[in-house]
2 protein chains.
Amino acid sequence: MMEDILLKKGLKQTKSRLLILDILDKADKPLTAEEIYRLIQNEEDSINLSTVYRTLEVFLNKNIVQIPLMKDGNKASYILNRDEHHHYLVCDKCHKMIKIDFCPFAEFEKQIEQLTSFTILKHKLELFGICPNCQGKTK
Amino acid sequence: MMEDILLKKGLKQTKSRLLILDILDKADKPLTAEEIYRLIQNEEDSINLSTVYRTLEVFLNKNIVQIPLMKDGNKASYILNRDEHHHYLVCDKCHKMIKIDFCPFAEFEKQIEQLTSFTILKHKLELFGICPNCQGKTK
DNA sequence: ATGCAAATGCAAATCATTTGCATCTAAAAA
DNA sequence: TTTTTAGATGCAAATGATTTGCATTTGCAT
Ligand SMILES: [Mn+2]
Ligand SMILES: [Mn+2]
Ligand SMILES: [Zn+2]
Ligand SMILES: [Zn+2]
């Protein structure tokens, strides 16, 4: 289960880390540090915003979380790394976010590796458009 | 040529805008606002850093420039929109950047449009890996 | 139970980017 | 060409996300 991941990664099992893991586990979309912070407060618990940032930094380095996209262009948002491969499609108008869980890149990457002699480790892909709800609205 | 783009987009032809267009036109990689600012100084010219930001904002809205996903730390970087479709492959170690100018997304997008009912307007894709030069180095 | 390295809270610092406002300028109007 | 004016710029101060220094607390190995 979720909590074991800390042990497996050699991290101390602290209240903050468990809370953040829990929030991210329940989340159905990428969350910013601030959003995580607020959600924890809603659950009548409280940890410092700095701690949220520091924890996410540690989780990133241990590959427990990932930053799939930059929200609003300037806030990082985080998701739990579930070793699934997917991408997000974001509505330019209302910012609604849809998870796309298939990706045609396996072969594409091989082509590029041969072409460039790079070893490809990962890719980031974000799709932008207008959601069905916002189509036909002026802005 | 480069300068006509301002007229075509209904923008005043100012010194700042021409300088920034020129810098971006010559650039062989995405540039941050600060880098653009410094390069203009090197050319014995000078405009205010705020103006660089404001100009890039205008250019973004007019689709004259684009921001690739990759951030230089936490700074946005900009490229001229040449209506070519390409992506970057970046070395995780030395940050060397290679332009990849083919992309298999046309059909993929159609699939996703049908699946989600979104209208897809664009996508951002970046690839990360290790360049031939950095392969075999410890870190 | 004890000790210590690592984690946390809090406040202040950073740093990229934005903004208010007075002044200037490109280009439309006369 | 001169006048007019909406929009562009410079400068300094504000913003806002993220980071950091430091005193205190806590997880966990012994
Ligand atoms: Mn993919
Ligand atoms: Mn593409
Ligand atoms: Zn929408
Ligand atoms: Zn390299």
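Order of the sequence lines sets the chain letters (A, B, ...), proteins ahead of strands, with each chain counted from 1. From a predicted model like this one, the values you see are computed outputs, not experimental measurements.
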Query raised in the report: Does B/Leu121 sit in a hydrophobic cluster with other residues, and if so which ones, taking ILVMFWY side chains as linked at heavy-atom separations under 4.5 Å, directly or through other members?
Result: A/Ile130

Requested in this report: Please indicate whether B/Glu84 has more than 12 foreign heavy atoms, meaning atoms of other residues, nucleotides or ligands, lying under 6.0 Å from its CD.
Outcome: yes

Query raised in the report: Tell me, which of residues 18-32 of chain A have any heavy atom that sits under 4.0 Å from an atom in DNA chain C?
Result: none

Query raised in the report: Out of C/dG9, C/dT18, D/dC11, which has the shortest distance to the side chain of B/Arg54?
Result: D/dC11

Query raised in the report: For C/dA7, does either OP1 or OP2 sit under 4.0 Å from a side-chain N or O belonging to A/Thr14?
Result: no

Report summary line: If pairing means Watson-Crick or G-U wobble with both distances under 3.5 Å, then the partner of D/dC28 is C/dG3

Query raised in the report: CZ of B/Phe59 versus P of D/dA8: gap in Å, rounded?
Result: 10 Å

**Report entry** A/Ile47 CD1 - D/dT25 C1' separation (whole Å)
**Finding:** 15 Å

Query raised in the report: Would one find a side-chain N or O of A/Arg17 under 4.0 angstrom from OP1 or OP2 of C/dA7?
Result: yes

**Report entry** Distance test, side-chain N/O of A/Asn48 to OP1/OP2 of C/dT8, below 4.0 Å
**Finding:** no

Requested in this report: Grab the CD-C1' distance between A/Glu57 and C/dA6 for me, whole Å please.
Outcome: 16 Å

Query raised in the report: Would you say B/Ile100 and B/Met97 are hydrophobically clustered, going by side-chain heavy atoms of ILVMFWY under 4.5 Å?
Result: no

Query raised in the report: Taking for each residue the nucleotide of DNA chain D bearing the nearest heavy atom, is the 5' side occupied by A/Leu11 or by B/Leu11?
Result: B/Leu11

Query raised in the report: Taking for each residue the nucleotide of DNA chain C bearing the nearest heavy atom, is the 5' side occupied by B/Lys12 or by B/Ser50?
Result: B/Ser50

Query raised in the report: Think A/Asn74 has a side-chain N or O under 4.0 angstrom from the OP1 or OP2 of D/dA17?
Result: no

Query raised in the report: Given side chains that start at C-beta, do those of B/Leu6 and B/Leu21 come closer than 4.5 Å, heavy atoms only?
Result: yes

Report task. Supply the atom-to-atom distance B/Ile98 CD1 to B/His86 NE2, rounded to the nearest 0.5 angstrom. Result -> 12.5 Å

Report summary line: Ranking B/Ala33 and B/Leu7 by the position along DNA chain C of their nearest nucleotide, the one closer to 5' is B/Ala33

Query raised in the report: Any side-chain heavy-atom pair from B/Leu125 and A/Phe105 closer than 4.5 angstrom?
Result: yes

Query raised in the report: Does OP1 or OP2 of D/dT19 have a side-chain N or O of A/Tyr53 closer than 4.0 Å?
Result: no

Requested in this report: May I have the distance from A/Leu49 (atom CG) to D/dT20 (atom P), rounded to whole angstrom?
Outcome: 15 Å

**Report entry** Interatomic distance, A/Tyr37 OH vs D/dA17 P [rounded to whole Å]
**Finding:** 13 Å

Report summary line: With the side chain defined as heavy atoms from C-beta on, B/Thr55 is closest, among C/dT18, D/dC22, D/dT9, to D/dT9

Report summary line: Whole-Å distance, B/Leu60 CG to C/dT18 P, equals 10 Å

Report summary line: When rounded to whole Å, the CD1 to C1' distance for the pair B/Ile40 and D/dG10 reads 14 Å

Report task. Assign A/Gln13 to base, sugar-phosphate, or nothing according to its heavy-atom contacts below 4.0 angstrom with the strands shown. Result -> sugar-phosphate

**Report entry** A/Asn81 and A/Val65, any side-chain heavy atoms less than 4.5 Å apart
**Finding:** no

Requested in this report: Could you check how far CD1 of A/Ile36 sits from C1' of D/dT18, rounded to whole Å?
Outcome: 14 Å

Report summary line: The side-chain hydrogen bond (donor to acceptor under 3.5 Å, both in side chains) partner of A/Glu109 among A/His123, A/Gln114, A/Lys122 is A/His123

